[in-house]
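Working notes, structure below.
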Amino acid sequence: MQKVERSLVAVALRSQIFFLFFQFIVNPCPDLFNVFPPKSADDMFRVNHESNSSLDAVIHGLLGGFQTWDAQYYLFIAEFGYSIEKMFAFFPLFPLLIRTIASCIPLQSIMSFHTILTISGLLINSVFFSLTAIFVYRFAKILTLNERISITSAHIFILNPARVFFVTNYTESMYSFLVFSAIYFWCVNNALSVILFILASTTRANGIVNAGFFAHSLLSRAFGIPSRRLLSLSGIILCFLPFYQFQLFAYQTFCRMNFAIPKFPPPILSYILEFPNELLLPSTNSHPEWCFHRVPSVYRYIQQHYWENGFLNYYQFIKLPNFILASPVIFFSSYCILTYLKQIKLNILNLRIVIEPYFVHITHLAVLLIFAVTFMNIEVTTRFLFSSSPILYVLLAKLLLPVEDGAYSCHFIDNFNKFCFTLFHFFGPHGSVLSASFIESVVNTQSHCHIAKFFVFWCFLYTILGFLLHCNWYPWT
């Protein structure tokens with residue numbers, strides 16, 4: 001590991017610790033902010049766990065902001081498994097790893113297992129996030145051969161606007177590590193990429209999109225080399241395999257009843273039975289309607305039935321605030337993609353574009369963006385793209401850096417980055433070494449200065465609002 005990589009890991013890890021404390025500042029007592037208690041389990045899945053000791057209450061007060069929204073699902077799955085239909089929207093690798101690490105922490109005599117699971121998830125995400133900074137740097141380095149762009153890309157990752165989701169008990173840190181490292185190893189023709197892409201598909205459903213990298217290899221580099229051709233074909237199949245295996249497991253659980261319902265504690269069982277139509281348990285008397293579909297898919301059913309996902313289903317006037325929240329990432333992603341296409345003067349009839357080094361990564365980002373805008377809950381686009389596409393960080397770094405020596409420096413960015421210097425310096429000696437590079441990097445030509453202003457403002461605004469709102473049970477991206 002190079003010196004700059006060690007510095008990036010140190011800064012990323014210290015930033016995780018900083019935001020753990022920052023969460024406590026904005027969320028000193030989670031229960032005081034419960035202004036709008038959930039009307040139903042469809043609004044919020046919020047289980048009240050019993051405290052075994054005063055230590056549980058203390059840790060809940062310190063880390064309660066990281067037990068909100070989807071974190072409730074992941075922690076519930078880690079503790080009780082896939083016993084409720086709605087849980088099958090969340091893939092198994094992250095909760096399985098949380099439970100595995102928690103089982104190795106010998107603290108169950110002084111605190112509840114749920115509390116240990118919370119701590120386990122935060123530790124896992126801190127490690128994965130810190131390691132991901134390395135692969136953002138390495139990926140940018142092999143793609144651009146530019147040290148400055150590579151370091152800036154890693155800095156943007158550390159301070160990205162979806163930051164709260166890389167700290168809390170969500171899959172963003174783990175998934176970004178698996179995908180970014182897999183893409184890096186794919187770029188250097190290392191077969192380890194296959195294993196990492198499989199693990200990514202076991203972490204989140206959109207991992208199947210990564211099969212496109214192997215399809216690209218098959219079209220552009222593998223012809224005439226049987227071993228690479230076989231590896232690419234295997235990679236495509238294996239990227240889809242975890243998804244279908246998970247669907248089969250759900251079918252066996254709810255349609256064939258090959259599953260033993262765990263023994264829930266009375267408060268949790270009471271909560272589940274209070275919402276029988278939304279928190280559906282396996283039953284021998286009836287089966288969910290998706291069991292009778294021609295191609296039974298619990299994931300597709302849950303996304304449509306519970307969260308309104310589907311082609312343009314989210315395009316409603318009442319959802320306009322969520323579109324506004326997602327508009328910055330849609331703008332920057334689209335701007336970067338269109339700038340790239342303009343620079344290479346894309347000619348569809350020129351097949352040589354397929355082997356252009358940026359092409360597959362730009363295509364990957366474009367596919368994710370189009371899917372998010374047309375099929376998903378639009379507000380999640382920010383964390384969806386920043387945890388799935390390393391090329392986004394590279395393109396943003398190139399956008400913010402001067403295009404040539406002596407380029408105009410945006411004075412607003414120079415002044416605003418004094419705060420960045422303070423922040424990095426707080427992260428330790430490694431941070432102060434990197435801060436000078438970061439301050440120097442976030443400048444651009446005069447024509448793009450307003451874009452740089454908006455980008456930096458967006459990152460810090462969304463980071464602050466993210467912790468303030470998400471950790472207090474208010475809707476966020």
Does the distance from a Lys or Arg side-chain N to an Asp or Glu carboxylate O, for Lys141 and Glu5, drop under 4.0 Å?
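Looking at Lys141 and Glu5, the cut-off is not met.
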
Could you tell me the separation between the [atom1] atom of [X] and the [atom2] atom of [Y], rounded to the nearest 0.5 Å?
X	Y	atom1	atom2	value
His361	Cys187	NE2	SG	3.5 Å
Ile378	Asn309	CD1	CG	10.5 Å
Ser334	Leu365	OG	CG	8.5 Å
Phe91	Leu199	CZ	CG	13.5 Å
Gln72	Ile77	CD	CD1	11.5 Å
Ser387	Leu385	OG	CG	8.0 Å

Where do Phe243 and Ser201 land on the side-chain contact (heavy atoms from CB on, under 4.5 Å) test, with the steps shown first?
CA-CA 7 Å; Phe243 180 87; Ser201 295; over 6 Å; no

Step by step, would you call Tyr314 with Asn322 a side-chain contact (heavy atoms from CB on, under 4.5 Å)?
CA-CA 10 Å; Tyr314 215 64; Asn322 293 332; 3.1 Å; yes

Min side-chain heavy-atom separation [X]-[Y] under 4.5 Å:
X	Y	answer
Thr463	Val164	no
Lys86	Phe275	no
Asp70	Phe45	no
Val373	Tyr315	yes
Ile198	Cys239	no
Thr382	Leu325	no
Ile183	Ser193	no
Ser120	Ile124	yes

Using the ring centroid of each side chain, check whether [X] and [Y] are separated by less than 6.0 Å.
X	Y	answer
Phe88	Tyr301	no
Tyr462	Trp476	yes
Phe165	Tyr170	yes
Trp458	Phe332	yes
His364	Phe213	yes
Tyr299	Phe246	no
Phe197	Phe214	yes

Keeping [X] on the side-chain end and [Y] on the backbone end, is there a donor-acceptor pair under 3.5 Å?
X	Y	answer
Asn377	Val380	no
Ser181	Leu178	yes
Asn169	Phe66	yes
Asn472	Val26	yes
Asn160	Ile156	no
Glu308	His305	no
Thr68	Trp473	no
Ser327	Ile324	yes
Gln23	Cys471	no
Asn210	Gly207	yes

Show the nearest heavy-atom pair for residues Leu238 and Pro242, with the distance to one decimal.
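Heavy atoms only, the tightest pair is O-CD, 3.0 Å.
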
Looking only at heavy atoms, what is the nearest atom pair of Tyr251 and Cys291, with distance?
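Closest heavy-atom pair between Tyr251 and Cys291: CE1-O, 4.0 Å.
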
[Y] and [X] side chains, donor-acceptor separation under 3.5 Å:
X	Y	result
Asn146	Arg148	no
Tyr184	Asn190	no
Glu85	Tyr306	yes
Trp69	Thr168	no

Derivation and outcome, side-chain contact (heavy atoms from CB on, under 4.5 Å), residues Phe180 and Phe139:
CA-CA 8 Å; Phe180 294 4; Phe139 170 76; over 6 Å; no

Using a 6.0 Å distance limit plus a 45 degree cone around the ring axis, check whether Arg163 lies over the aromatic ring of Phe129.
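The answer is yes, since Arg163 meets both limits relative to Phe129.
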
Cation-pi, Phe135 ring and Arg138 (6.0 angstrom, 45 degrees)
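Yes, a cation-pi geometry.
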
Whether [X] and [Y] hold their rings parallel, tilted or perpendicular, with breakpoints at 30° and 60°:
X	Y	value
Phe157	Tyr393	perpendicular
Phe375	Phe371	parallel
Phe359	His216	tilted

Kindly indicate, with the supporting measurements, whether the criterion side-chain contact (heavy atoms from CB on, under 4.5 Å) is fulfilled by Phe185 and Leu196.
CA-CA 9 Å; Phe185 285 116; Leu196 292 168; 3.5 Å; yes

